[in-house]
Amino acid sequence: MRSRMMAKVHHALERHFPERRLFLRSDNETRFIRLRSETQLLIWVAGTMLVAWTIIATAIIMMDSIGAGNFRAQARRDQIEYENRVNALSDERDRRVAEAAAAQDRFSSALEQISIMQSQLLASEDERRELSTGIDVIQSNLRRTLSERRELQQRVTAMSAEGYDPAAAQAGGAGDETLDLLAAALAETAAERDQIEADAQGALDRAAEAELELRLMQDQNEAIFRQIEEALKISVEPLDNMFRAAGLNPDTLINQVQRGYSGLGGPRIPVNPLDDENYNPDAERANAIMDSLERIDLYRIAAEHAPFAMPVKSGFRYSSGFGRRWGRMHEGTDMAGPIGTPIYATADGVVTFAGWSSGYGRLIKIQHDFGIETRFGHLNDIKVSVGQRVSLGDRIGDMGNSGRSTGPHLHYEIRVNGSPLNPMTYIRAGQDVF
């Protein structure tokens with residue numbers, strides 16, 4: 001049964017692979033090699049597999065080459081797009097800086113106008129009081145004079161009723177002295193009355209002019225207050241957004257800075273105490289402006305103690321960002337550049353570590369306020385020591401390639417209460433404002 005099956009298989013192979021003989025001829029003799037059907041089948045299968053393997057391997061190599069080319073091209077496009085974005089952010093930052101400078105100039109001018117306005121308000125208030133006092137005196141004199149005039153008229157009427165004739169008295173030479181006295185008193189009273197009326201009318205005119213001038217000054221003050229309030233709103237809102245984008249609560253931050261920088265007598269003195277008896281809306285608005293100014297000043301102090309600045313000011317490129325990389329969490333931002341590129345402190349703080357730290361290589365740790373810590377890794381040189389207090393912009397080291405690093409770059413980290421945060425959040429927030 002088995003021989004019969006093998007015979008059928010051999011017969012089937014003979015139809016596709018007939019037996020062949022390979023003759024080898026020399027000078028003396030001729031030999032041949034017989035290629036049976038099974039042998040030819042094996043050779044054909046081996047050749048087919050070799051050709052198929054060659055085609056598959058070639059296709060894989062070509063696909064890898066094409067994929068690598070596409071990846072490089074995509075990486076190049078991403079890099080160009082990122083550089084364009086960085087340039088756009090830089091331009092936006094420059095515009096913001098120019099706007100901030102213009103706002104500061106407007107604010108300084110507004111403060112000068114407020115000072116002038118307050119002086120004018122005080123002067124106008126004093127003048128109004130003087131005019132009011134003068135009007136009261138004039139009205140008192142006028143009432144006294146009118147009373148004296150009525151008394152004289154009553155006396156003349158009484159004398160006439162008693163039969164006194166001024167013409168007869170004059171003709172008879174009697175009562176000349178009394179008549180002259182009455183005539184002089186009446187003339188003096190009439191002149192004094194006319195003068196008092198003229199003075200009163202002049203005082204009323206001056207009072208009306210002072211009231212008009214006061215209204216105009218109030219309108220001017222309203223425009224000045226409105227401009228200052230708008231400028232402060234433009235200045236304060238970006239600062240609020242900057243600290244919120246950095247994960248910090250502005251109110252908590254302001255309270256903490258205020259406690260540390262309150263100074264003797266409190267952070268400020270109000271323009272005018274606002275009680276029920278001496279309520280002044282202008283003073284209330286001025287106090288609100290002073291509050292905003294204090295808030296901006298506290299924000300300035302907080303910005304110096306929070307890492308919103310760039311650690312690298314020379315030319316560099318972002319080689320790796322914050323997030324998962326190669327299956328592990330990359331807890332910082334890599335900035336690649338030449339060895340020896342200066343590295344700067346991004347905020348005021350105290351150096352808590354300066355030395356070698358396994359994968360970081362040469363590492364610097366700086367502790368800032370508000371529970372913030374910055375780390376600078378893979379340095380070539382360290383220029384600070386533990387316990388040293390550094391300020392914003394101080395040079396603390398040089399870029400290098402120490403530790404687990406594939407090329408010269410700075411590994412920059414920001415940690416808040418021990419938890420790593422994306423440094424670009426702080427950098428972009430600072431660029432949007434400063």
Side-chain angles (χ1 to χ4, degrees), residues 239 242-243 245-250 252-267 294-314 316 331-335 337 340-358 360-400 402-403 409-431 433-434:
L239 294 172
M242 179 184 73
F243 285 103
L248 300 173
N249 188 311
T252 304
L253 191 73
I254 287 297
N255 292 333
Q256 184 174 349
V257 176
Q258 196 170 28
R259 287 194 300 270
Y261 291 85
S262 60
L264 182 62
E294 180 189 5
R295 191 175 183 89
I296 292 176
D297 193 42
L298 294 174
Y299 272 147
R300 176 187 60 80
I301 297 173
E304 293 178 355
H305 293 75
F308 290 107
M310 285 289 296
V312 181
K313 299 180 182 179
S314 304
F316 71 95
E331 297 178 342
T333 296
D334 292 343
M335 305 176 187
T341 300
I343 305 300
Y344 301 94
T346 53
D348 296 351
V350 178
V351 178
T352 58
F353 183 88
W356 188 273
S357 177
S358 63
Y360 284 103
R362 294 182 181 87
L363 173 67
I364 296 176
K365 296 181 183 179
I366 300 177
Q367 185 66 44
H368 309 280
D369 290 341
F370 322 120
I372 302 175
E373 180 189 68
T374 53
R375 296 185 178 185
F376 307 81
H378 307 306
L379 299 178
N380 185 63
D381 186 26
I382 295 176
K383 299 184 179 297
V384 293
S385 57
V386 175
Q388 179 178 343
R389 179 171 293 276
V390 296
S391 301
L392 171 65
D394 287 350
R395 184 174 180 177
I396 59 175
D398 296 334
M399 186 181 296
S402 58
H409 72 283
L410 168 69
H411 175 81
Y412 178 55
E413 289 186 16
I414 294 180
R415 294 174 178 261
V416 178
N417 297 323
S419 300
L421 296 179
N422 189 354
M424 294 306 299
T425 301
Y426 282 77
I427 292 175
R428 291 195 184 103
Q431 288 176 343
V433 177
F434 302 112

Given side chains that start at C-beta, do those of [X] and [Y] come closer than 4.5 Å, heavy atoms only?
X: Y412; Y: V312; answer: no
X: E413; Y: Y360; answer: yes
X: F316; Y: T341; answer: no
X: I343; Y: M399; answer: yes

If every non-hydrogen atom of [X] is compared with every non-hydrogen atom of [Y], which pair is closest and at what distance?
X: L363; Y: F353; result: O-CD2, 3.6 Å
X: D348; Y: S391; result: OD1-CA, 3.1 Å
X: L392; Y: A309; result: CD1-CB, 3.6 Å
X: G377; Y: L410; result: O-CD1, 3.7 Å
X: A354; Y: V386; result: N-CG2, 3.7 Å
X: Y426; Y: V416; result: OH-CG2, 3.5 Å

Rounded to the nearest 0.5 Å, what separation is found between the [atom1] atom of [X] and the [atom2] atom of [Y]?
X: I427; Y: T346; atom1: CD1; atom2: OG1; result: 8.0 Å
X: I414; Y: I366; atom1: CD1; atom2: CD1; result: 11.0 Å
X: R375; Y: E331; atom1: CZ; atom2: CD; result: 8.0 Å

task = Kindly determine whether I364 and K383 satisfy side chain to side chain contact (heavy atoms under 4.5 Å, CB included), including the steps that lead there.
result = CA-CA 10 Å; I364 296 176; K383 299 184 179 297; over 6 Å; no
inquiry  = Checking side chain to side chain contact (heavy atoms under 4.5 Å, CB included) between T374 and each of R415, Q367, H368, which is the one that passes?
reply    =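 When side chain to side chain contact (heavy atoms under 4.5 Å, CB included) is applied between T374 and each of R415, Q367, H368, only H368 qualifies.
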task = Would you please classify the geometry between the H409 ring and the H378 ring as parallel, tilted or perpendicular, with 30° and 60° separating the classes?
result =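 Correct class here is tilted.
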Backbone N/O of L379 and side chain of S402: donor-acceptor pair under 3.5 Å =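 Yes, S402 side chain to L379 backbone: donor-acceptor pair under 3.5 Å.
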request  = Take F376 and H411 through the side chain to side chain contact (heavy atoms under 4.5 Å, CB included) test and state the conclusion after the steps.
outcome  = CA-CA 6 Å; F376 307 81; H411 175 81; over 6 Å; no
ask   = Is the count of non-hydrogen atoms from other residues, nucleotides or ligands lying under 6.0 Å from R389 atom CZ greater than 12?
value =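 No, the 6.0 Å shell around CZ holds no more than 12 heavy atoms from other groups.
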